[in-house]
Amino acid sequence: MPPRDFGRGPVTSFAMVPRGLVDTSYQYILINTLGEKKNVGLVQLNKPKALNALCTDLILEMDAAIAKFEKDDKIGAIIITGNEKAFAAGADIKEMLNQTYSEVMKGSLFGEWKRISHCSKPVIAAVNGYALGGGCEMAMMCDIIYAGDKARFGQPEIIIGTIPGAGGTQRLTRAVGKSKAMEMCLTGDQVTAKEAERMGLVSKVFPASQLMSEVIKLAEKISSYSPLIVTLCKEAVNTALETTLQDGLQLEKCLAYATFATDDRKEGVTAFVEKRAPNFKNS
Ligand code: CAA
């Protein structure tokens with residue numbers, strides 16, 4: 001099958017990542033809008049020589065790009081990806097080399113990383129190659145992880161005398177359970193994409209060359225639904241990780257009832273009964 005054309009000329013690269021828009025305000029990322037309706041935002045990490053090591057400036061650019069897509073009513077979902085060798089090989093070790101305790105405390109090291117997990121729109125990680133340390137943590141901040149078959153996940157901080165600091169011990173444990181998370185954090189060993197899928201860290205694995213087209217399909221599907229209802233649904237699922245079952249069920253009930261106050265729920269149900277496609281208005 002020939003590479004898909006995403007509207008900016010043929011896509012030829014290995015990972016089929018549509019070429020990013022030239023936006024000179026970014027040094028370490030490329031951004032683009034994808035999909036037939038251009039309703040999917042793409043952030044591609046673009047520091048390939050350092051395997052997309054996550055320096056502070058890269059994270060700040062990522063934050064700005066996510067904020068931009070979040071504000072854009074046309075965008076229904078956001079994809080974060082890297083390249084064929086690395087999603088990201090972790091926080092920038094060279095940047096951390098001479099940092100002291102008081103500096104990281106005062107500077108709130110990794111504080112800026114929270115932006116992704118606070119995004120109200122669905123964020124999908126498309127992981128080819130290494131997702132290590134902060135790279136694995138960044139993928140776990142996303143709502144769904146799809147991986148290429150050569151992807152590798154790990155929390156190798158222990159090897160360099162530190163521990164995960166951007167959610168690795170917490171999100172990994174919630175995703176895969178204590179024993180596996182403990183094993184990964186205490187040994188620094190990597191797991192393959194297939195193992196990550198078996199453990200529940202990754203939703204689906206595809207041949208590396210198909211990853212991007214599959215992720216775009218997923219993002220387009222989510223973007224075709226009511227953005228308002230998608231946001232409520234995301235909030236409900238995320239709450240499951242933060243609260244007791246009873247409190248979560250209570251919140252879910254409130255949010256489900258809240259959909260009855262929206263035009264889009266009326267439209268969705270009416271469209272079903274009238275056997276036609278819904279025309280959601282985000283209201
Ligand atoms: N930070 C800074 N630079 C990095 C990096 C990182 N996390 N990972 C790789 N690089 C750089 C290398 O220094 C090298 O640069 P030079 O060519 O200038 O020397 C370049 O990327 C290519 O790397 P390698 O030559 O090491 O490539 P490889 O194919 O032999 O090995 C690898 C690949 C196994 C991923 C190896 O690079 C590696 O182990 N990287 C470090 C992984 C790691 O420890 N990540 C955790 C960081 S700490 C963290 O993330 C804390 C947190 O919780 C947020």
Side-chain angles (χ1 to χ4, degrees), residues 14-15 27-30 43-63 66 80-119 123 125-142 145 147-176 178 180-196 201-202 208 211:
F14 158 88
Q27 188 182 355
Y28 297 118
I29 61 172
L30 300 169
V43 182
Q44 183 178 11
L45 309 182
N46 187 35
K47 203 178 153 191
K49 284 192 183 138
L51 305 184
N52 291 332
L54 301 165
C55 60
T56 304
D57 286 347
L58 186 155
I59 296 291
L60 292 174
E61 289 186 6
M62 165 84 78
D63 289 356
I66 300 270
I80 299 179
T81 196
N83 57 51
E84 68 197 73
K85 179 145 191 206
F87 177 74
D92 192 323
I93 297 171
K94 291 169 189 168
E95 192 178 74
M96 295 190 306
L97 184 63
N98 293 314
Q99 284 177 317
T100 63
Y101 172 73
S102 64
E103 281 167 358
V104 299
M105 268 301 284
K106 285 185 248 169
S108 185
L109 182 66
F110 309 139
E112 305 89 0
W113 294 47
K114 290 193 197 116
R115 189 70 191 75
I116 299 172
S117 55
H118 290 174
C119 180
V123 184
V127 178
N128 267 321
Y130 294 113
L132 301 180
C136 187
E137 291 169 307
M138 180 177 280
M140 290 191 291
M141 284 174 205
C142 299
I145 306 178
D149 53 3
K150 306 283 187 315
R152 297 185 76 84
F153 296 81
Q155 296 293 159
E157 290 87 347
I158 198 90
I159 300 171
I160 56 167
T162 181
I163 72 167
T169 62
Q170 304 303 300
R171 290 199 175 91
L172 188 61
T173 309
R174 282 165 171 76
V176 306
K178 178 176 166 179
K180 271 283 166 204
M182 198 65 95
E183 187 184 17
M184 285 174 71
C185 292
L186 291 183
T187 63
D189 288 349
Q190 298 169 15
V191 297
T192 63
K194 271 284 162 207
E195 285 171 292
L201 178 59
V202 161
L211 175 65

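Order of listing sets the numbers, starting from 1, for every ligand and every atom in it.
The closest protein non-hydrogen atom to atom 23 (O) of ligand 1 is L51 CD1, 3.7 Å. Of all protein heavy atoms, the one closest to atom 15 (O) of ligand 1 is K94 NZ, 3.3 Å. Of the protein's non-hydrogen atoms, the one nearest atom 45 (N) of ligand 1 is A89 O, 2.9 Å. Atom 1 (N) of ligand 1 has its closest protein heavy atom at I93 N, 2.9 Å. Annotation: atom 38 (C) of ligand 1 to nearest protein heavy atom, L132 CD1, 4.8 Å. Ranking protein heavy atoms by distance to atom 17 (O) of ligand 1, first place goes to K49 O, 4.7 Å. The nearest heavy-atom contact from the protein to atom 10 (N) of ligand 1 is A50 O, 3.7 Å. Of the protein's heavy atoms, A53 CB, 3.9 Å lies nearest to atom 3 (N) of ligand 1.
The protein does not reach atom 30 (O) of ligand 1 closely, with no heavy atom under 4.0 angstrom from it. Within a 4.0 Å radius of atom 13 (O) of ligand 1, the protein contributes one or more non-hydrogen atoms. The nearest protein heavy atom to atom 26 (O) of ligand 1 is not closer than 4.0 Å. The nearest protein heavy atom to atom 36 (C) of ligand 1 is not closer than 4.0 Å.
Checked by atom type and distance alone, the side chain of E195 pairs as donor or acceptor with a backbone atom of T192 at under 3.5 Å. A distance-only check finds no donor-acceptor pair linking the side chain of D63 to the backbone of R115 [under 3.5 Å]. Formation of a donor-acceptor pair under 3.5 Å by the D189 side chain with backbone atoms of M184 is not found in this model. Side chain of Q44 to main chain of T81: no donor-acceptor pair is present (N/O by atom type, distance under 3.5 Å, no hydrogens or angles).
Taking every heavy atom of E157 and a limit of under 4.0 angstrom, the matching atoms of ligand 1 come to 48 (S), 49 (C), 50 (O), 51 (C), 52 (C), 53 (O). Of all atoms in ligand 1, numbered sequentially from 1 with element shown, those under 4.0 Å from a heavy atom of M96 are 48 (S). Less than 4.0 angstrom separates some heavy atom of G165 from each of these atoms of ligand 1: 52 (C), 53 (O). Within the listing of ligand 1, atoms 46 (C), 50 (O) sit less than 4.0 angstrom from a heavy atom of G133.
Contact between A181 and V176 at its shortest, heavy atoms only, is N-CG2, 3.7 Å.
No hydrogens or angles considered: a donor-acceptor pair under 3.5 Å links the side chains of E95 and T56.
With a 6.0 Å radius and a threshold of 12 heavy atoms from other residues, nucleotides or ligands, I159 has its CD1 atom above the threshold.
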When you look at H118 and M141, which way does the side-chain contact (heavy atoms from CB on, under 4.5 Å) test go after all the steps?
CA-CA 9 Å; H118 290 174; M141 284 174 205; over 6 Å; no

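Judged by the shortest distance from any of its heavy atoms, K85 lies inside the 4.0 Å radius around the atoms of ligand 1. Ligand 1 lies less than 4.0 angstrom from a heavy atom belonging to P164.
Between I160 and ligand 1, a contact under 3.5 Å exists for no N or O pair.
A salt bridge between D92 and K47 is present, with a side-chain N of the basic residue lying under 4.0 Å from a carboxylate O of the acidic one.
Contacts with ligand 1 closer than 4.0 Å are made by side-chain heavy atoms of E137 only, the backbone lying farther away.
For the atom pair CD1 of I145 and CG of L201, the computed distance is 4.5 Å after rounding to the nearest 0.5 Å. Taking CZ from F153 and OH from Y130, the interatomic distance works out to 13.0 Å, rounded to the nearest 0.5 Å.
Looking at residues two or more places apart in sequence or on another chain, you find no side chain to side chain donor-acceptor pair (under 3.5 Å) involving E61.
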